[in-house]
Protein chains: 2
Amino acid sequence: METVTDTPWLSTEQQHIWRAFLGGTTVLTDRLDRDLRTAHGLSMPEYEILVRLSEAPDRAIRMAELADAVSHSRSRVTHTIARLEREGIVQRGNCSDDGRGVSAILTDHGFSVLEEAAHTHVRGVNDYLIENADPADLEALGRIMQQVVEQLQGKRF
Amino acid sequence: METVTDTPWLSTEQQHIWRAFLGGTTVLTDRLDRDLRTAHGLSMPEYEILVRLSEAPDRAIRMAELADAVSHSRSRVTHTIARLEREGIVQRGNCSDDGRGVSAILTDHGFSVLEEAAHTHVRGVNDYLIENADPADLEALGRIMQQVVEQLQGKRF
DNA sequence: TCTATCTTGTTGAATGATCAACTACATACT
DNA sequence: AGTATGTAGTTGATCATTCAACAAGATAGA
């Protein structure tokens with residue numbers, strides 16, 4: 001007899017979907033990461049950060065806000081920004097309103113690195129994912145992942 | 001004028017889908033990984049390996065084959081199996097037919113660890129992903145990711 | 001004001017992943 | 001047989017991520 005605490009095992013079909021998802025995300029992110037690295041010396045998480053900065057007013061975002069935007073820990077963002085700073089791609093600045101605050105700012109050099117990297121990345125997303133998928137299926141993908149984000153975003157436990 | 005080498009920039013809608021995908025996979029895998037870690041001391045990549053082993057004849061798979069199955073590098077699998085071996089979850093064995101071959105074998109203890117972890121993992125997949133998605137959308141997800149796997153699988157360059 | 005508590009961001013150690021170099025066995029060719 | 005090339009797996013160094021601990025400023029309440 002079933003109780004509410006029983007584990008709801010996946011159907012065969014659901015297992016196939018889940019494995020395709022796992023395998024697909026792995027090979028896709030690996031490939032996009034590799035393309036960016038070899039052509040521009042940028043990892044995908046780094047690229048994501050630069051994209052956010054490039055879109056922000058003054059190309060600057062506070063560390064905590066940036067961490068939330070890309071769903072990384074604060075510590076991770078600190079380390080990543082430190083690396084990017086060493087390469088002259090971003091710089092740090094203080095916040096006027098909050099004495100604790102630190103902003104990451106995209107430099108001009110960083111912006112041009114990003115502009116070049118964007119070609120590689122967008123071409124990859126297009127070729128590996130979008131090009132081979134039915135547009136209706138892509139919309140379904142968007143709906144599902146949007147739902148996942150809204151459900152889990154920010155919830156650590 | 002456009003040429004064949006121009007970068008095909010994404011439409012606004014495609015950008016939304018892509019960002020939802022990135023954010024969704026990040027929070028989903030983070031959450032599933034955290035659940036497994038806190039409850040069973042296993043990472044998700046480790047869990048994936050144990051699942052493959054549990055389904056194989058004699059609960060054993062050769063290192064290279066295992067690496068391919070989970071899309072990890074050989075080196076990574078070597079290190080991961082070394083860790084799992086230290087914990088008594090897998091053990092190594094030689095291949096009868098190939099002098100170079102090494103098999104990873106799931107131990108009885110490893111199997112029972114996996115059995116328990118499976119409850120946590122499957123519940124997570126169900127609650128975070130499957131439960132909140134339209135079944136037709138899930139099928140679309142499966143189609144897309146299957147396509148991605150087939151296109152990129154094994155291609156390093 | 002004084003205190004307690006929360007938030008921000010950083011630090012350094014420990015863990016895990018990547019990369020290049022290497023050993024050993026297998027396969028193919030002469 | 002002998003040689004060359006390919007494949008399996010490991011190793012250790014380097015790099016990135018996580019985690020716990022911390023310092024400093026913000027906020028709220030007595």
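Letters A, B, ... are given to chains in the order of the sequence lines, protein chains preceding strands, and every chain is numbered from 1.
Atom CZ of R76(A) is separated from atom P of dT8(C) by 19 Å (rounded to the nearest Å). Summarising the geometry, the separation between CE on M44(B) and C1' on dA17(C) is reported as 16 Å, rounded to the nearest angstrom. Between L42(B) atom CG and dT15(C) atom C1' the separation is 15 Å, expressed in whole Å. One atom, NE2 of H72(A), and another, P of dT10(C), lie 16 Å apart when rounded to the nearest Å. Between the CZ atom of R34(A) and the C1' atom of dC19(C) there is a distance of 10 Å, rounded to whole Å. Between the CZ atom of R37(B) and the C1' atom of dA20(D) there is a distance of 16 Å, rounded to whole Å. One atom, CG of D30(A), and another, P of dT18(C), lie 7 Å apart when rounded to the nearest Å. In this structure, D97(B) atom CG and dT27(C) atom C1' are separated by 14 Å, rounded to whole Å.
For residues 70-86 of chain A, every residue pair satisfying the salt bridge (charged side-chain N to carboxylate O under 4.0 Å, His left out) rule, not counting sequence neighbours, is listed here: E46(A)-R83(A), E85(A)-R92(A). Screening residues 73-120 of chain A for ring pair (Phe, Tyr, Trp, His ring centres under 6.0 Å), with sequence neighbours left out, gives H119(A)-W9(B).
Under the rule for a ring-ring contact (aromatic ring centres under 6.0 Å, His included), H16(B) has no partner lying at least two apart in sequence or in another chain. Listed by chain and residue number, E55(B) satisfy the side-chain hydrogen bond (donor to acceptor under 3.5 Å, both in side chains) test with R19(A) (two or more places apart in sequence, or in another chain). The side chain to side chain contact (heavy atoms under 4.5 Å, CB included) test applied to E116(A) returns H40(A), not counting sequence neighbours. Partners of R143(B) by side-chain hydrogen bond (donor to acceptor under 3.5 Å, both in side chains), not counting sequence neighbours, listed by chain and number: D137(A).
Contact of the I49(A) side chain with the I81(A) side chain is registered, since non-hydrogen atoms from C-beta on lie closer than 4.5 Å.
I105(B) and L114(B) end up in different hydrophobic clusters when Ile, Leu, Val, Met, Phe, Trp and Tyr side chains are linked at under 4.5 Å.
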May I have the list of side-chain donor-acceptor pairs in residues 125-132 of chain A shorter than 3.5 Å, sequence neighbours left out?
unit_1, atom_1, unit_2, atom_2, d
Y128(A), OH, R31(A), NE, 3.1
Y128(A), OH, R31(A), NH2, 3.0
Y128(A), OH, D35(A), OD2, 2.6
N132(A), ND2, D127(A), O, 3.0
N132(A), ND2, Q151(B), OE1, 2.8

For nucleotides 3-5 of chain D, print each protein N/O atom paired with a nucleotide N/O atom at under 3.5 Å, atom names and distance only.
none

ask   = Going 5' to 3' along nucleotides 9-15 of chain D, which nucleotides have protein heavy atoms under 4.0 Å from the base (write B), which only from the sugar-phosphate (write S), and which from neither (write -)?
value = SBBB---
